Amino acid sequence: MSKTTDNTPDKAPDEEASRPSSFIHDIIEEDRRTGKNDGRVQTRFPPEPNGYLHIGHAKSICLNFGLALEYGGKCNLRFDDTNPLKEEQEYIDSITTDVHWLGFDWEDRLFYASDYFGQLYEWAVQLIKAGKAYVDHLTADEIREYRGTLTEPGKESPYRNRSVEENLALFEQMKNGELEDGECVLRAKIDMVSPNLNMRDPVMYRILHAEHPRTGDKWCIYPMYDWAHGQSDSIEGITHSICTLEFEDHRPLYDWFVEQLGIHAPQQIEFARLNLTHTVLSKRRLIRLVKEGYVSGWDDPRMPTISGIRRRGYPPAAIRDFCDRIGVARANSTVDIQLLEHCVRQDLNLHAPRVMGVLDPLRVVIENYPDDLVEEMDAINNPEDPEMGARKVPFSKVLYIEREDFMEDPPKKFYRLAPGREVRLRYAYFITCTDVIKDENGEVIELRCTYDPETRGGDAPDGRRVKATLHWVSARHALEAEVRLYDHLFIDPFPAGDDLENELNPDSLEVLTHCYVEPSLADANHGDRFQFERQGYFNVDLDSTPENLVFNRTVPLRDTWAKIQQQAK
RNA sequence: UGGGGGGUGGCCAAGCGGCAAGGCAGCGGCCUUUGGAGCCGAAGAUCGCAGGUUCGAAUCCUGCCCUCCCAGCCA
């Protein structure tokens, strides 16, 4: 993969910079101190290929790959593909794309749980021989009944004490496809009265005559998560197997299998998954949004999916920064989405070239400007980074400015253009509004202004000041564009995400047409990110063509004027 | 009313017995050819509650309250 500044995580161990601290770092550092695993750090990111990755996964990805980077270890990418009924190649492809996009590289360590089906089968036979596993012919319903409840102990299956020979023969039949789906399962023989339901003889294998994306029809028995995951970790020499809190109750089982087999024992460590305000991050709800058409797809720029935020224009470095800042802990929490937006702005402020674009155009005619003159004004590409250079922006007699930058009868604190008032056009001239033209409905359709030739570039030789600087675009030279404005998907900061009809923000998407942008944007490519001065950060959408430019508003600039207006209410 | 977790300013989160970091949000001000950015400043915490141990407790002990997870042949 290509390594660019934009896409390379900076986690090299350094002395002074404040290293992230968390209970996981503490565990790892203690392990290194005591020489556990020879001081090695090996992690993995283990997605199930049954959906698209979202910002919550990014937290796990940054954590796992980040720890490996910090401690000179390795992080594998492993697909947990043990359920052919739900998994598809499409998801595998999107996941690898997304992890790479986030800036992480698993080199030659791309693995699949299905790589280990053979080994898992042998180990299962080993457990059967040790009297630690048995084939159970109870139906699914019966197994549930026998499992007991949270407060009542379970009871043992009548098949629990079959002989080793019988179990071996039956398991062989399961593997050979001689039995029907659901006819029986292989179970671990542990403890039916354990207060931890996971220990009440958990199912290890079920029969599924299903085509697997990678192993095809080679297998008709598939391992359950608990049986596959820890053993896969062990095979790969994982030292710290990091997962989310809901697997905490599975840890005793994870440890039990590894101990019975006498194989390398990774340490499972659980952390709290990410929740974000104004959105949902559960796979089920995200699927509904897509399948029921509330959004245009998995990559709709309003979606919290990696593909969605990528299309929206969020830089991967901003996501990484966000993941560093939210920390890792065991307390369930919901992070304010404003922190994510802050990280996006901070990255884009430094890296996005500035351009001018008018979203809601108001025509301005400079009456004392020569009819056919065109001047090329010098504009700085990024005041935060001189290395980004400068460009020329054409100026002429007829311009467009932002409609909201003019008020006929301005309130107190409104510094922008008004009748008789002088303001600066960015990188161009001071202009003064001399007349307001309206249509028959009284709506302002054009402004007449004069300019001061002495102020070329934006400074007055006599030292006089103006209170506002407006962005603008030359009417003759401007490119027409469509601009899509986005807002939070859900109105409520803590949506249940079930009653979509009422919970979704009806204004989460606003499409603006007939916007005008400066001509330099003609060569912009898909994904290119810009700051439209005074408005926000935008990128070129996938739908954009040279004939029909389309921009997404990634995130607006902070807007203190809007705040003042709010306070006035 | 079984088991396993968690409760530190509005939101995250450090802290690991010596006297509550930091970030986001919010609030002032400075600066500014983006009302952006940047800079400066102030404010904000009975550390879930109640006891106890200790010279000293957010940190240790006890009890209580609240909250999250678990009864898939999903992961």
Side-chain angles (χ1 to χ4, degrees), chain A residues 18 20-22 26 46-48 50 80 82-83 85-87 136 138-140 143-145 147-154 181-187 193-200 202-208 222 224-226 228-229 243-252 270 272 274 277 283 324-343 345-346 349-350 354 356 379-380 383-384 413-416 424-428 430 455 457-459 465-471 493 531-536 556-564:
Chain A
S18 70
S21 171
S22 72
D26 294 345
E48 181 191 12
N50 72 340
D80 224 331
T82 58
N83 186 354
L85 264 24
K86 294 186 175 176
E87 296 151 8
D136 193 354
L138 247 28
T139 65
I143 285 181
R144 189 180 319 116
E145 285 172 32
R147 185 156 32 225
T149 69
L150 295 178
T151 53
E152 301 159 22
D181 284 8
E183 197 171 325
C184 58
V185 295
L186 182 73
R187 290 228 255 174
V193 301
S194 170
N196 180 346
L197 304 214
N198 294 119
M199 300 299 273
R200 319 241 265 227
V203 173
M204 293 168 65
Y205 277 101
R206 73 282 218 190
I207 300 171
L208 247 33
Y222 290 94
M224 297 289 289
Y225 165 84
D226 288 302
H229 201 94
C243 61
T244 45
L245 251 27
E246 65 270 28
F247 291 101
E248 193 161 10
D249 293 337
H250 295 244
R251 194 171 63 225
E270 312 85 16
L274 172 68
T277 58
K283 213 171 264 185
D324 282 346
R325 292 187 191 224
I326 57 178
V328 185
R330 292 175 63 90
N332 288 114
S333 61
T334 302
V335 176
D336 192 332
I337 198 164
Q338 286 188 95
L339 176 59
L340 212 208
E341 293 171 343
H342 167 82
C343 295
R345 286 193 189 97
Q346 190 167 276
N349 176 48
L350 262 22
R354 264 110 250 229
M356 291 193 283
I380 292 167
E384 302 293 330
K413 294 188 178 171
F414 182 88
Y415 316 141
R416 283 114 96 150
R424 170 169 40 234
L425 293 181
R426 179 89 155 150
Y427 300 126
F430 284 11
T455 59
D459 280 308
R465 323 270 295 182
V466 288
K467 294 209 74 173
T469 299
L470 311 187
H471 60 279
Q531 182 194 102
F532 285 11
E533 293 217 32
R534 303 208 305 131
Q535 300 191 113
L557 247 28
R558 286 185 59 201
D559 187 350
T560 51
W561 167 241
K563 215 173 276 177
I564 292 168

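Just so it is clear, the model here is predicted, and its values are computed rather than measured. Chain letters run A, B, ... following the sequence lines, proteins first and then strands; every chain starts at 1.
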Partner of B/G2 under the Watson-Crick or G-U wobble criteria, both distances under 3.5 Å, comes out as B/C70

Calculate, to the nearest 0.5 Å, the distance between atoms CG and NE2 belonging to A/Asp226 and A/His250 respectively.
5.5 Å

Within this structure, what is the CG-CD distance for the pair A/Leu138 and A/Glu145, rounded to the nearest 0.5 Å?
8.5 Å

Would you say A/Leu557 and A/Gln531 make side-chain contact, with heavy atoms under 4.5 Å?
yes

Are the side chains of A/Ile380 and A/Tyr427 in contact, using a 4.5 Å heavy-atom criterion?
yes

Could you go step by step and tell me if A/Asn83 and A/Leu208 meet the side chain to side chain contact (heavy atoms under 4.5 Å, CB included) rule?
CA-CA 9 Å; A/Asn83 186 354; A/Leu208 247 33; 4.2 Å; yes

What does the B/S/- profile of nucleotides 16-30 of chain B look like, 5' to 3', with a 4.0 Å heavy-atom cutoff to protein?
B------SSSSS---

Using the closest heavy atom to pick a nucleotide of RNA chain B for each, name whichever of A/Val335 or A/Tyr415 lands nearer the 5' end.
A/Val335

Which part of the nucleic acid, if any, lies within reach of A/Pro383 when heavy atoms closer than 4.0 Å are counted: base, sugar-phosphate only, or nothing?
base

Using the P atom in both, what is the distance from B/U1 to B/G10, to the nearest Å?
30 Å

A/Tyr225 or A/Arg534: which one's nearest nucleotide on RNA chain B is closer to the 5' end?
A/Arg534

Under 3.5 Å, is there an N or O donor on one side and an acceptor on the other linking the side chain of A/Gln535 and the base of B/U34?
no

In whole angstrom, give me the gap between the P atoms of B/A43 and B/G38.
23 Å

For A/Thr334, report the nucleic acid contact type (base, sugar-phosphate, nothing); a contact means any heavy atom under 4.0 Å.
sugar-phosphate

Side chains of A/Arg426 and A/Thr469: is there a donor and an acceptor less than 3.5 Å apart?
no

Syn or anti: how is B/G72 classified when any glycosidic angle within 90° of 0 counts as syn?
syn

Using the rule for Phe, Tyr, His and the six-membered ring of Trp, do A/Trp561 and B/G35 stack at under 5.5 Å and under 30°?
yes

Select base, sugar-phosphate, or nothing to describe what A/His250 touches, counting heavy atoms under 4.0 Å on all strands.
base

Any heavy-atom pair between the side chains of A/His342 and A/Arg558 that's under 4.5 Å?
no

Applying a 4.0 Å non-hydrogen cut-off, can you work out what A/Thr82 is touching in the nucleic acid: base, sugar-phosphate, or nothing?
sugar-phosphate

Length of the CG-C1' vector between A/Asp181 and B/C73, whole Å:
10 Å

Could you tell me if the side chain of A/Arg416 sits less than 4.5 Å from the side chain of A/Leu470, heavy atoms only?
yes

Min side-chain heavy-atom separation A/Asn332-A/Leu245 under 4.5 Å:
yes

Just checking A/Arg465: base, sugar-phosphate only, or nothing, at a heavy-atom cut-off of under 4.0 Å?
sugar-phosphate

Between CZ of A/Arg424 and P of B/G36 the distance, given in whole Å, is 14 Å

Counting any heavy atom closer than 4.0 Å, what does A/Phe414 reach on the DNA or RNA strands: base, sugar-phosphate only, or nothing?
base

Does A/Ser333 have a side-chain nitrogen or oxygen under 4.0 Å from the phosphate oxygens OP1 or OP2 of B/C11?
no

Across all strands shown, which nucleotide pairs with B/C49 by Watson-Crick or G-U wobble geometry, both distances under 3.5 Å?
B/G63

A/Ile143 CD1 - B/C74 P separation (whole Å)
11 Å

Please state how far atom CG in A/Asn349 lies from atom P in B/G36, giving the value in whole angstrom units.
11 Å

What distance, rounded to whole Å, do you find between the two C1' atoms, one in B/G29 and one in B/U46?
32 Å

With the side chain counted from C-beta on, respond yes when A/Val185 and A/Met224 share a heavy-atom pair under 4.5 Å apart, and no when they do not.
no

Strictly distance-based, threshold 3.5 Å: is any side-chain N or O of A/Arg200 a donor or acceptor partner for the main-chain N or O of A/Ser194?
yes

With side chains defined as the heavy atoms from C-beta onward, is the minimum distance between A/Arg354 and A/Pro383 less than 4.5 Å?
yes

Base, sugar-phosphate, or nothing for A/Asp459, non-hydrogen atoms under 4.0 angstrom?
base

If we take the P atom in both B/G18 and B/U32, what is their distance in whole Å?
48 Å

From CD1 of A/Ile337 over to C1' of B/G10, roughly how many Å is that when rounded to an integer?
17 Å

Work out how far the C1' atom of B/G44 is from that of B/C11, and round it to whole angstrom.
14 Å

Should A/Gln535 and A/His471 be marked as a side chain to side chain contact (heavy atoms under 4.5 Å, CB included) after you check the CA-CA gap, both sets of side-chain angles, and the distance that decides it?
CA-CA 9 Å; A/Gln535 300 191 113; A/His471 60 279; 3.7 Å; yes

To the nearest Å, give me how far apart CD (A/Glu384) and P (B/C39) are.
10 Å

Checking side chain to side chain contact (heavy atoms under 4.5 Å, CB included) for the pair A/Arg424/A/Thr455: CA distance, chi angles, key distance, verdict?
CA-CA 9 Å; A/Arg424 170 169 40 234; A/Thr455 59; over 6 Å; no

Where the side chain of A/Phe247 is defined as all heavy atoms beyond and including C-beta, which of B/U32, B/A75, B/C73 is the nearest nucleotide?
B/A75

Between B/G36, B/G35, B/U34, which nucleotide gets closest to the side-chain atoms of A/Glu533?
B/U34

Answer with base, sugar-phosphate or nothing: what part of the nucleic acid does A/Val328 contact at a heavy-atom distance below 4.0 Å?
sugar-phosphate

Determine: side-chain N/O of A/Arg416 to OP1/OP2 of B/U34, distance under 4.0 Å, yes or no.
no

Base, sugar-phosphate, or nothing: which does A/Leu350 touch, judged by heavy atoms less than 4.0 Å apart?
nothing

Under 4.0 Å, heavy atoms only, any strand: does A/Val203 hit a base, just the sugar-phosphate, or nothing?
sugar-phosphate

So does A/Arg144 get a side-chain nitrogen or oxygen closer than 4.0 Å to the phosphate oxygens (OP1/OP2) of B/C73?
no

Say we look at B/G9 and B/C64: how far apart would their P atoms be, to the nearest angstrom?
24 Å

So what does A/Glu270 hit on the nucleic acid, given a heavy-atom distance under 4.0 Å: a base, only sugar-phosphate, or nothing?
nothing

Below 4.0 angstrom from OP1 or OP2 of B/A37, is there any side-chain N or O of A/Arg354?
no

Could you work out the separation of B/U34 and B/A20 based on their P atoms and round it to a whole Å?
43 Å

Tell me what A/Ala329 touches on the nucleic acid: a base, only sugar-phosphate, or nothing, going by heavy atoms under 4.0 Å.
sugar-phosphate

Distance between C1' atoms of B/U8 and B/A58 (Å, rounded):
7 Å

Would you classify A/Leu138 as touching base, sugar-phosphate or nothing, given that sugar-phosphate means primed atoms plus P, OP1 and OP2, and contacts are heavy atoms under 4.0 Å?
base

Using a heavy-atom cut-off of 4.0 Å across all strands, would you classify A/Leu208 as base, sugar-phosphate, or nothing?
nothing

Going 5' to 3' through nucleotides 1-8 of chain B and flagging B where a protein heavy-atom sits under 4.0 Å of the base, S where only the sugar-phosphate is that close, and - otherwise, we get -BBSSS--

